[in-house]
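Structure first, then comments.
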Amino acid sequence: MTIDTIILRLGEIYPPGKFTSSDPFRCLISTVLSQRTRDEVTYSATEKLFSRFGTPSEIACAGTDEIEALIREAGFYRTKAPRIKEIARIIQDEFKGKVPDNMETLLTLPGVGRKTANCVLVNGFGKDAIAVDTHVHRISNRLGLVATKTPEETEKELYRTIPKEHWKYINEFLVRFGQDICRPVGPKCGACPIIDLCPTGTSRLTGIK
DNA sequence: AAAACGGGGGC
DNA sequence: GCCCCAGTTTT
């Protein structure tokens with residue numbers, strides 16, 4: 001099966017498990033920080049924030065300007081800082097300090113959309129889901145796994161196409177793959193480990209189309 | 001449907 | 001120095 005080959009080869013390049021040991025709250029906050037931001041920067045900003053504050057109540061009580069200073073390098077800090085503070089307050093006040101473990105409730109939090117919620121469900125709670133961002137959406141279409149216009153359609157199609165055992169790897173593998181090889185513009189098809197499985201890349205290398 | 005948010009990294 | 005980037009909310 002081609003999807004098995006894709007997962008196998010990407011797994012050799014990107015050893016999994018970078019996200020899976022995070023506790024749900026840290027996972028939630030770091031995922032909000034990661035929105036429209038490269039992951040190395042996200043790790044750094046998350047580390048700075050959590051080396052200063054460890055719990056929802058601590059972040060809820062912190063000054064917005066102090067949070068801004070800690071997460072500044074992740075970008076959009078004037079939007080993200082108050083959101084993080086509000087998320088922490090809601091987790092503490094309305095959910096007894098526990099991050100919700102279902103899509104419907106997660107979506108009620110400020111700054112949490114479908115992609116962020118799925119990341120929390122997969123990486124924070126070990127649930128079966130696929131977090132579809134622009135990388136997953138783009139690459140799934142390039143590989144011909146789907147033919148879709150929106151991330152929501154892509155997610156739906158991937159659930160039909162991909163065996164459940166692989167779901168948890170999809171986001172992490174494709175994001176990293178999408179950052180250093182299968183980039184939005186100027187993909188490095190010559191260095192691609194799955195070029196033989198890619199209609200788009202194969203035609204690019206052979207000069208066809 | 002489109003705008004707005006932003007510092008960091010590649011070239 | 002210019003251009004691009006792990007979404008979500010607001011207009």
Side-chain angles (χ1 to χ4, degrees), chain A residues 10 13-20 22 24 26-50 64-91 99-100 103-124 129-143 145-146 148-156 158 167-191:
Chain A
L10 293 183
I13 304 182
Y14 309 116
K18 198 158 189 174
F19 299 92
T20 49
S22 296
R26 182 171 172 135
C27 179
L28 169 59
I29 298 301
S30 77
T31 306
V32 170
L33 282 175
S34 82
Q35 290 165 3
R36 299 295 294 172
T37 308
R38 293 167 181 279
D39 59 354
E40 313 82 44
V41 180
T42 299
Y43 301 146
S44 172
T46 301
E47 187 52 42
K48 282 178 183 148
L49 182 66
F50 277 85
T64 303
D65 51 348
E66 188 175 4
I67 297 175
E68 282 184 0
L70 290 167
I71 67 170
R72 192 170 196 281
E73 66 191 317
F76 298 104
Y77 59 92
R78 284 198 304 262
T79 304
K80 288 172 180 174
R83 274 187 188 161
I84 286 170
K85 187 173 152 79
E86 176 64 1
I87 287 172
R89 186 197 67 75
I90 295 172
I91 298 286
V99 176
M103 172 65 69
E104 184 186 0
T105 313
L106 283 168
L107 288 179
T108 66
L109 297 170
V112 177
R114 196 170 176 85
K115 181 266 175 183
T116 300
N118 270 328
C119 275
V120 171
L121 292 173
V122 173
N123 299 321
I130 301 177
V132 178
D133 51 47
T134 54
H135 283 307
V136 176
H137 180 60
R138 177 186 72 256
I139 294 168
S140 297
N141 276 282
R142 275 187 183 167
L143 287 172
L145 293 175
V146 301
T148 51
K149 288 213 161 53
T150 67
E152 289 75 17
E153 292 174 64
T154 300
E155 185 186 345
K156 203 172 170 185
L158 290 180
W167 289 1
K168 61 173 169 290
Y169 301 117
I170 298 297
N171 183 268
E172 179 172 1
F173 285 1
L174 293 195
V175 164
R176 295 170 70 179
F177 179 54
Q179 284 183 162
D180 55 49
I181 296 176
C182 197
R183 302 178 299 187
V185 297
K188 299 195 275 191
C189 296

* Structure fact -> So the contacted stretch of DNA chain B, first to last nucleotide with an atom under 4.0 Å from a non-hydrogen atom of chain A, runs from B/dC5 to B/dC11
* **OP1 or OP2 of C/dG7 under 4.0 Å from side-chain N/O of A/T134** => yes
* Mind running salt bridge (charged side-chain N to carboxylate O under 4.0 Å, His left out) on A/E68 and A/R72 for me, showing each step along the way? => CA-CA 6 Å; A/E68 282 184 0; A/R72 192 170 196 281; over 6 Å; no
* To the nearest Å, how far apart are A/L174 CG and C/dC5 P? -> 17 Å
* **Positions of residues 107-116 of chain A (non-hydrogen atom under 4.0 Å from DNA chain B), listed by number** => none
* To do: With P as the reference atom in both, quote the distance from B/dG6 to C/dT10 in angstrom, rounded to an integer.
  => 14 Å
* Asked: For A/A74, which contact category applies under a 4.0 Å heavy-atom criterion: base, sugar-phosphate, or nothing?
  -> base
* So, is the end of the A/R36 side chain (NZ or CZ) under 6.0 Å from the ring centre of A/F76 and within 45° of the ring's axis? -> no
* Asked: Please give, in whole Å, the distance from C/dC5 C1' to A/D180 CG?
  -> 14 Å
* Asked: Going from CG on A/L70 to OG on A/S44, what distance comes out if it is rounded to the nearest 0.5 angstrom?
  -> 10.5 Å
* Indicate, with a heavy-atom threshold strictly under 4.0 Å, whether A/T37 touches base, sugar-phosphate, or nothing. => base
* Check whether any side-chain N or O of A/K115 sits under 3.5 Å from a backbone N or O of A/T134 as a donor-acceptor pair, and report yes or no. => no
* Tell me, do A/L145 and A/T154 make a side-chain contact under 4.5 Å, heavy atoms counted? -> no
* Just how far, in rounded Å, is C1' of C/dG7 from CZ of A/F76? -> 9 Å
* May I ask you to say what A/P151 touches in the nucleic acid, namely base, sugar-phosphate or nothing, with a heavy-atom cut-off under 4.0 Å? => nothing
* Between A/R138 (CZ) and C/dC4 (P), how many Å, whole number? -> 14 Å
* Got a salt bridge between A/E86 and A/R89, using NZ or NE/NH1/NH2 to carboxylate O under 4.0 Å? -> yes
* To do: Verify the distance criterion only: is there a donor paired with an acceptor across the side chains of A/T37 and A/T42 at less than 3.5 Å?
  => no
* Asked: When you look at A/D39 and A/S34, which way does the side chain to side chain donor-acceptor pair (under 3.5 Å) test go after all the steps?
  -> CA-CA 6 Å; A/D39 59 354; A/S34 82; over 6 Å; no
